[in-house]
Amino acid sequence: MAVLHYTLDFKLRAPADVSATVRGLQSIFQEQEMTENVHDSEGQGYLATFVGKNGRFAILRMHSHGLVTFDLQCLEGDDVVQVDNLLNALEKKLKALLDGNIQRIKRLPALIRGSDVDRYWPTADGRLMEYDIDEVVYEKESAYQNIKILHSLQFGNMLILNGDVNLAESDLPYTQAIMGSGKEHYAGKEILILGGGDGGILHEAVKLKPKMITMVEIDELVIDGCRKHMRKTCGNVLDNLKGDCYEILVQDCVPVLKKFAEQGRTFDYVINDLTAVPISTAPEEDSTWEFLRLILDLSIRVLRPSGKYFTQGNCANLTDALSEYEKLLGRLSCKVDFSKEVVCVPSYMELWVFYTIWKK
């Protein structure tokens with residue numbers, strides 16, 4: 001059973017009169033049959049916990065620097081009307097008691113903790129987002145990662161790998177951006193896709209009548225899950241590992257890239273759709289940056305002189321990471337130039353940076 005956690009904050013202009021405020025609130029807790037237990041806050045204001053019927057538990061804190069916080073935990077299935085009445089009564093009383101001293105009041109919807117369906121996923125820069133997830137559609141633990149496909153009322157089915165939101169059925173802007181935003185001519189060209197197990201890039205690229213697409217995805221369970229549950233993204237391209245103009249290799253892309261480089265095989269486009277924190281199976285690569293450099297170097301080696309390399313970068317807010325990546329581009333085995341585009345990816349709920357890289 002989940003726990004619902006409600007919060008109510010009063011930011012004050014000056015510290016409150018603790019004694020008068022506490023006395024003014026006691027009737028509310030008595031009406032709710034909640035027992036008070038005052039704790040030693042070591043000179044940092046007032047701190048008390050309240051335990052009531054149906055497992056309700058509350059913390060009231062009046063900080064000495066002028067902040068009043070109230071946290072209420074209730075079990076899922078508790079009487080919502082009663083809980084709402086308690087919060088409304090407390091907010092109304094505090095407004096009256098602290099009249100003239102209130103700078104800001106903030107009351108948030110309940111945080112749902114321990115639910116069977118996880119609704120909370122962080123953005124790349126560490127901000128917590130609540131999604132409208134109502135169902136776990138698919139979940140597997142592969143040899144490489146935890147794979148989830150969750151259903152969002154707003155974004156459709158969402159692929160989440162190792163706790164990172166990868167792609168939702170709403171996210172065509174991601175796929176378009178990592179393919180050059182409609183500025184490229186793929187007809188008759190040879191394309192290499194690294195990763196892309198959701199099938200989104202492959203599905204869109206096939207429509208553009210290329211000569212041949214080679215896709216290298218390490219995790220067959222990602223393909224299996226997306227084939228069944230992400231068909232708005234992948235269409236029918238994952239139904240078979242070979243099609244009229246494409247082939248899917250279920251392999252680690254590093255040895256495949258090395259083999260292609262040794263064979264002198266080249267491509268007009270290389271599209272890197274590996275996860276934001278890519279899976280490395282190469283023990284000699286001791287850091288993510290070294291692995292990224294390896295992928296870049298190998299990709300540039302198999303890129304034709306007039307070819308282009310497309311990849312996602314990172315969240316637009318992570319400027320340090322983006323700068324580090326751009327420095328990395330200057331340390332490759334051959335000189336490259338690049339451009340970048342910032343795109344809003346619906347299910348990410350943040351701006352995302354995409355790179356186009358080519359040989360100088």
Side-chain angles (χ1 to χ4, degrees), residues 1-123 126-136 150 152-154 163 349:
M1 181 178 289
V3 170
L4 278 63
H5 189 137
Y6 299 85
T7 59
L8 175 61
D9 299 340
F10 281 73
K11 184 173 177 61
L12 308 180
R13 294 185 174 86
D17 183 333
V18 172
S19 298
T21 306
V22 170
R23 283 197 306 271
L25 295 176
Q26 282 179 343
S27 62
I28 294 175
F29 295 116
Q30 288 169 358
E31 289 170 6
Q32 294 288 328
E33 300 178 23
M34 301 186 79
T35 305
E36 178 188 33
N37 186 14
V38 180
H39 303 271
D40 182 6
S41 63
E42 299 183 352
Q44 298 300 313
Y46 169 84
L47 172 63
T49 54
F50 299 83
V51 179
K53 55 188 177 181
N54 299 325
R56 291 175 197 159
F57 175 75
I59 303 171
L60 175 63
R61 184 152 196 178
M62 302 182 66
H63 300 261
S64 56
H65 62 276
L67 175 65
V68 177
T69 61
F70 181 73
D71 296 85
L72 175 64
Q73 292 185 8
C74 304
L75 293 176
E76 188 177 34
D78 198 352
D79 189 317
V80 177
V81 175
Q82 286 185 9
V83 171
D84 203 43
N85 287 342
L86 168 58
L87 291 167
N88 288 339
L90 193 72
E91 184 174 352
K92 183 178 179 180
K93 178 64 76 170
L94 280 168
K95 283 180 180 177
L97 293 169
L98 302 171
D99 184 42
N101 191 20
I102 300 170
Q103 197 172 15
R104 185 177 69 240
I105 301 171
K106 191 68 176 181
R107 178 170 161 183
L108 297 176
L111 182 71
I112 304 170
R113 303 170 63 181
S115 173
D116 291 338
V117 178
D118 190 356
R119 300 163 62 96
Y120 304 97
W121 300 93
T123 59
R127 292 172 291 115
L128 185 63
M129 293 293 183
E130 180 176 359
Y131 288 85
D132 51 355
I133 304 296
D134 63 356
E135 183 184 359
V136 178
L150 307 178
S152 158
L153 297 171
Q154 183 174 193
M349 294 195 271

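Given the structure is predicted, the values throughout are model-derived calculations rather than measurements.
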Evaluate the side-chain contact (heavy atoms from CB on, under 4.5 Å) criterion for residues L75 and N54: first the C-alpha distance (whole Å), next the side-chain angles of each, then the deciding distance (0.1 Å), finally the verdict. CA-CA 7 Å; L75 293 176; N54 299 325; over 6 Å; no
Who are the side chain to side chain donor-acceptor pair (under 3.5 Å) partners of Q44, not counting sequence neighbours? none
Can you list everything that forms a side chain to side chain donor-acceptor pair (under 3.5 Å) with T49? Sequence neighbours excluded, please. H39
Could you give the distance from [atom1] ([X]) to [atom2] ([Y]), rounded to the nearest 0.5 Å?
X    : Y    : atom1 : atom2 : value
I105 : D9   : CD1   : CG    : 10.5 Å
L128 : R119 : CG    : CZ    : 11.5 Å
M62  : L60  : CE    : CG    : 7.0 Å
I133 : S115 : CD1   : OG    : 11.0 Å
Q103 : L67  : CD    : CG    : 10.5 Å
T69  : K11  : OG1   : NZ    : 12.5 Å

Which pairs would a plain distance check flag for residues 16-28, meaning a side-chain donor or acceptor within less than 3.5 Å of a matching protein atom at least two apart in sequence or in another chain?
{"unit_1": "D17", "atom_1": "OD1", "unit_2": "S19", "atom_2": "N", "d": "3.3"}
{"unit_1": "D17", "atom_1": "OD1", "unit_2": "A20", "atom_2": "N", "d": "3.2"}
{"unit_1": "T21", "atom_1": "OG1", "unit_2": "D17", "atom_2": "O", "d": "2.7"}

At their closest point, which heavy atom of [X] faces which heavy atom of [Y], and how far apart are they?
X    : Y    : result
P15  : S64  : CG-O, 3.2 Å
Y120 : A110 : OH-O, 3.8 Å
L8   : L87  : CD2-O, 4.4 Å
I102 : R13  : O-NH1, 2.7 Å

Do R107 and D71 sit within salt-bridge range, that is, some charged N less than 4.0 Å from a carboxylate O? no
If the threshold is 4.0 Å, N to carboxylate O, is there a salt bridge linking D78 and R56? yes
Sequence neighbours excluded, every pair satisfying ring-ring contact (aromatic ring centres under 6.0 Å, His included) that has a member inside residues 64-100: H63-H65
List the steps, then state whether side-chain contact (heavy atoms from CB on, under 4.5 Å) holds for L72 with L86. CA-CA 10 Å; L72 175 64; L86 168 58; 3.8 Å; yes
Verdict with reasoning, F10 to R104, per side-chain contact (heavy atoms from CB on, under 4.5 Å): CA-CA 6 Å; F10 281 73; R104 185 177 69 240; over 6 Å; no
Hey, are the side chains of W121 and E130 touching, using non-hydrogen atoms and a 4.5 Å cut-off? no
Pairwise side-chain contact, V117 with D134, heavy-atom cut-off 4.5 Å (strictly under): no
Quick one: list whatever passes side-chain contact (heavy atoms from CB on, under 4.5 Å) with E31, sequence neighbours left out. none
Hey, is CG on N37 packed in by over 12 heavy atoms from elsewhere, all under 6.0 Å? yes
How about K53: does its NZ atom have over 12 heavy atoms from other parts shown lying under 6.0 Å from it? yes
Going through the checks in order, is the side-chain contact (heavy atoms from CB on, under 4.5 Å) test met by E76 and L4? CA-CA 6 Å; E76 188 177 34; L4 278 63; 4.1 Å; yes
Tell me, please, which residues at least two apart from F29 pass ring-ring contact (aromatic ring centres under 6.0 Å, His included). F50
